[in-house]
Structures are given as structure tokens and as C-alpha cells.
Amino acid sequence: MGIKDKDLLTMDQLDRKQLELILNTAREMKTIIKRDIKKVPTLRGKSVVTLFYEPSTRTRTSFELAGKYMSADVVNINTTASSVVKGESLKDTGMTLQAMGVDIVVIRHSMAGAPQLLGQYLQARVINAGDGFHQHPTQALLDMLTIKERLGGFAGLKVAIIGDLLHSRVARSNLIGLNTMGAEVWFCGPPTLIPPGLEKQGVRVTYDLEEAVSKADVVMMLRIQLERQKAGYFPSLREYSQLYGLNKDRLALAQKDCLVIHPGPINRGVEISGEVADSLNSYINEQVTNGVAVRMALLYLMLGQKGE
């Protein structure tokens with residue numbers, strides 16, 4: 001059994017059974033990452049292209065390592081040094097890759113819907129590595145893997161997601177996945193950074209950080225995108241940190257074994273204190289390892305042995 005659809009574009013595509021398959025496969029893939037020689041022949045002869053129109057360190061590198069650990073041929077395309085700067089359209093870039101015999105394209109784009117558009121033109125499979133403010137399914141999957149490994153499951157867990165929810169594709173993807181698996185999701189942030197109508201999507205909304213963190217099993221802090229400060233969504237970074245920053249005292253309101261996670265990169269002293277980021281509750285670095293494992297699992301399920 002593999003991924004049902006040709007492309008992985010949104011978390012909405014994945015039902016509970018598919019999510020469990022991906023997470024269980026990813027746990028097996030972690031054994032490869034821990035070996036001295038991190039190499040298996042699973043995807044030998046397969047080609048993977050990462051096509052990133054936005055900056056990335058963790059996602060792009062983890063996809064590259066995931067492919068190489070399974071012996072795929074991986075090519076990274078830096079769009080600032082490609083024909084894109086000459087005006088080549090996304091469709092034409094995709095068709096060029098198709099003509100080269102690519103098996104899978106991993107794309108990050110600033111425009112919502114770009115991965116879906118690309119997938120319509122390609123026989124190759126497409127993975128969404130983040131599109132605008134829309135979705136980032138592989139980030140949600142690695143977050144869920146971290147939660148499952150540490151807490152055993154999702155049913156009945158309180159997961160508080162805190163920060164810039166208006167612009168967060170990570171929050172949107174996690175909400176869908178966590179709801180599917182039976183967790184109780186809370187969103188918290190300044191009123192200017194929380195989109196309206198969230199209650200209809202099965203999420204509890206509060207503007208009070210202490211209420212969100214109280215008795216939480218998982219606290220996910222979102223990066224405050226410093227460029228948003230120019231738009232005036234909140235008065236100052238100092239005030240934001242005072243009202244919505246996670247520090248040791250606020251974390252004490254959560255469950256004792258509460259997981260603190262963050263999609264990265266973190267702004268120490270803004271959305272999270274250095275003391276919390278480096279505490280035993282923090283699994284931020286483990287998320288990075290799980291990111292490689294999840295992306296190995298997806299490449300395997302979408303390419304290896306026809307998904308079997």
C-alpha cells in the first residue's frame with residue numbers, strides 16, 4: 001500500500017489509515033539514519049528534483065538527504081540561478097524537468113496552489129514543500145511523528161499552536177492532521193494574527209497564552225516572521241514577547257512531560273526563551289531528524305516498489 005494520489009499536495013488528502021502508514025514507515029526509516037553507513041538501494045535508478053522558489057535550509061536539505069540515503073539521484077535547482085530569472089514559467093520549468101525523465105519533483109513556492117498547478121502538467125509525482133500561506137504537509141507529518149514517538153498517540157491530547165496563525169501554512173496543515181487523529185487543537189495569538197472562522201474547522205481559539213498552555217500535552221510555537229512587524233500586526237517585538245512568548249514560568253502551566261516543538265528557525269527571546277528552547281521539554285532538534293525520516297518514508301511510498 002502506498003500514497004493513494006499521484007501527488008502529495010495537502011493534508012486533506014490523507015485519511016487516518018494513510019497517516020498511520022506514513023508515520024509507521026517513517027519510524028522504520030529512522031533506523032537507517034542512525035546507522036554508521038546511511039545507505040540502502042531502495043530508490044536506485046529513481047530521480048528526485050527539489051525546486052525551491054523560496055529560501056529553505058531544513059526542508060530542502062532533508063529531502064536531499066532522504067533521497068541520497070535511499071540511493072536516488074537528487075538534483076537541487078536554485079531558481080535564482082536558473083531560467084526562472086529569464087522569465088520561464090512554472091509550467092515550462094516543469095515540462096523541461098519532465099522531458100529529462102524526472103520521477104518526482106519537490107516544490108516550494110510563494111504562491112498558494114503552485115504545486116497543484118505543476119502536478120497537472122507532469123507525469124512525475126509532486127510533493128508540496130510549502131506553498132504560500134496554504135499548506136506544508138511534510139512539516140505537519142514530522143511534527144506528528146515527534147508527538148507519536150514521545151506520547152504514544154494523539155487521542156485526547158491537548159495541542160496548543162501559538163503565534164502568527166494568519167500566515168502559517170504549518171498551523172493549517174497540523175490542524176487537519178491532528179484533528180484527523182483525534183487531538184484537541186488550540187490556536188492562540190494576537191487577534192490581528194488569527195484568521196476568522198476557525199471554530200468551524202474544529203479548533204479552540206483563545207487570545208490568552210496561559211489558557212492555551214494550561215494542561216497542554218504539546219506546545220507548538222510558531223516563528224514570528226520579522227518582516228510582518230512592518231505591517232503593524234502588533235506594536236513591538238518586546239510587547240509580543242511579553243504577551244505571547246513561551247518562557248519557563250508559562251511552560252510550568254502545561255503537563256509535566258509537555259513537548260515543546262517549533263518548525264524553525266526560532267527567534268530566541270521573541271516567541272520562545274532560550275531557556276525553554278534548550279530545556280528537556282524541547283524536541284526542536286529531534287523534529288529535524290524526524291523530518292528526514294518522514295521524507296524518506298514519502299519518497300519510498302511514492303516511488304519505491306510502486307508504493308508496496
Side-chain angles (χ1 to χ4, degrees), residues 3 5-11 13 29 33 38-142 169-170 173 223 225 227 263-265 288 291-304:
I3 304 299
D5 301 318
K6 179 178 82 74
D7 306 321
L8 178 59
L9 305 173
T10 72
M11 289 294 286
Q13 298 172 234
M29 293 299 177
I33 299 173
K38 304 172 180 63
K39 202 76 167 180
V40 292
T42 311
L43 298 183
R44 183 179 295 158
K46 300 292 186 180
S47 55
V48 178
V49 168
T50 59
L51 179 64
F52 278 58
Y53 289 78
E54 287 185 323
S56 171
T57 299
R58 294 161 182 77
T59 304
R60 183 174 60 87
T61 304
S62 62
F63 266 113
E64 180 179 359
L65 289 173
K68 290 183 175 180
Y69 287 166
M70 292 189 290
S71 302
D73 297 312
V74 183
V75 176
N76 294 312
I77 295 181
N78 180 358
T79 56
T80 60
S82 73
S83 294
V84 171
V85 298
K86 300 178 182 179
E88 185 173 65
S89 69
L90 176 61
K91 175 184 176 181
D92 288 335
T93 298
M95 297 304 290
T96 299
L97 296 175
Q98 183 71 62
M100 294 179 180
V102 170
D103 293 299
I104 197 162
V105 177
V106 180
I107 179 174
R108 169 170 289 186
H109 204 284
S110 60
M111 298 299 293
Q116 181 178 11
L117 177 66
L118 184 66
Q120 291 175 356
Y121 294 112
L122 299 188
Q123 294 178 358
R125 309 191 80 163
V126 174
I127 295 179
N128 179 7
D131 61 330
F133 303 145
H134 180 221
Q135 289 221 13
H136 192 352
T138 63
Q139 177 68 46
L141 288 166
L142 74 88
R169 55 196 177 200
V170 174
S173 294
R223 180 177 73 92
Q225 302 170 41
E227 60 272 23
V288 178
V292 179
V294 159
R295 285 147 186 156
M296 289 175 71
L298 288 172
L299 292 177
Y300 169 70
L301 291 169
M302 295 177 78
L303 292 179

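- Closest approach of Ala129 to Thr59, counting heavy atoms only: CB-CG2, 3.9 Å.
- Looking only at side-chain heavy atoms (C-beta outward), Arg295 and Ile127 stay at 4.5 Å or farther from each other.
- Formation of a donor-acceptor pair under 3.5 Å by the Arg108 side chain with backbone atoms of Gly130 is not found in this model.
- With hydrogens and angles ignored, the 3.5 Å screen pairs no side-chain donor or acceptor of Lys46 with any backbone N or O of Ile104.
- A donor-acceptor pair under 3.5 Å is formed between the side chain of Lys39 and the backbone N or O of Lys68.
- Applying the 6.0 Å contact sphere to CD of Glu54 captures more than 12 heavy atoms from other residues, nucleotides or ligands.
- Considering CG of Asp131 and CG of Leu117, their distance stands at 11.0 Å, rounded to 0.5 Å.
- To the nearest 0.5 angstrom, Leu118 atom CG is 4.0 Å from Leu122 atom CG.
- A donor-acceptor pair is defined here as one N or O able to donate and one able to accept, closer than 3.5 Å; such a pair exists between the side chain of Gln98 and the backbone of Gln123.
- Here the CG-CE distance, from Leu43 to Met302, works out to 11.5 Å after rounding to the nearest 0.5 Å.
- Looking only at distances, no side-chain donor or acceptor of Ser173 sits under 3.5 Å from a matching main-chain atom of Val170.
- Between Asn128 and Gln135, the closest heavy-atom pair is ND2-O, 3.6 Å.
- In this structure, the side chain of Arg125 engages the main chain of Asp5 through a donor-acceptor pair within 3.5 Å.
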Thr50 and Arg60: side chain to side chain donor-acceptor pair (under 3.5 Å), yes or no, with the steps? CA-CA 7 Å; Thr50 59; Arg60 183 174 60 87; 5.7 Å; no

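- Looking at heavy atoms from C-beta onward, Met11 lies in side-chain contact with Leu141 at the 4.5 angstrom threshold.
- No side-chain donor-acceptor contact under 3.5 Å links Arg223 to the backbone of Gly264.
- The shortest side-chain heavy-atom distance between Ile107 and Leu90 falls under the 4.5 Å cut-off.
- With rounding to the nearest 0.5 Å, the separation of NZ in Lys6 from CD in Gln13 is 10.5 Å.
- Within the 4.5 Å cutoff, the side chain of Val294 has heavy atoms near those of the Leu298 side chain.
- Taking every heavy atom of both residues into account, Asp7 and Gly119 meet most closely at OD2-CA, 3.5 Å.
- Taken from CZ in Phe52 to CD1 in Ile77, the straight-line distance is 11.5 Å, to the nearest 0.5 Å.
- Here Asp103 pairs with Ser47 under the side-chain hydrogen bond (donor to acceptor under 3.5 Å, both in side chains) rule; sequence neighbours left out.
- Counting heavy atoms from C-beta on, the side chains of Tyr53 and Thr93 come closer than 4.5 Å.
- The two atoms that bring Phe63 and Leu299 nearest to each other are O-CD1, 4.3 Å, heavy atoms only.
- In this structure the side chain of Met70 reaches within 4.5 angstrom of the side chain of Met29, judged on heavy atoms.
- The shortest heavy-atom contact between Tyr69 and Lys38 is CD2-O, 3.3 Å.
- One distance of note links OG1 of Thr10 with CD of Gln116; it measures 8.5 Å at 0.5 Å rounding.
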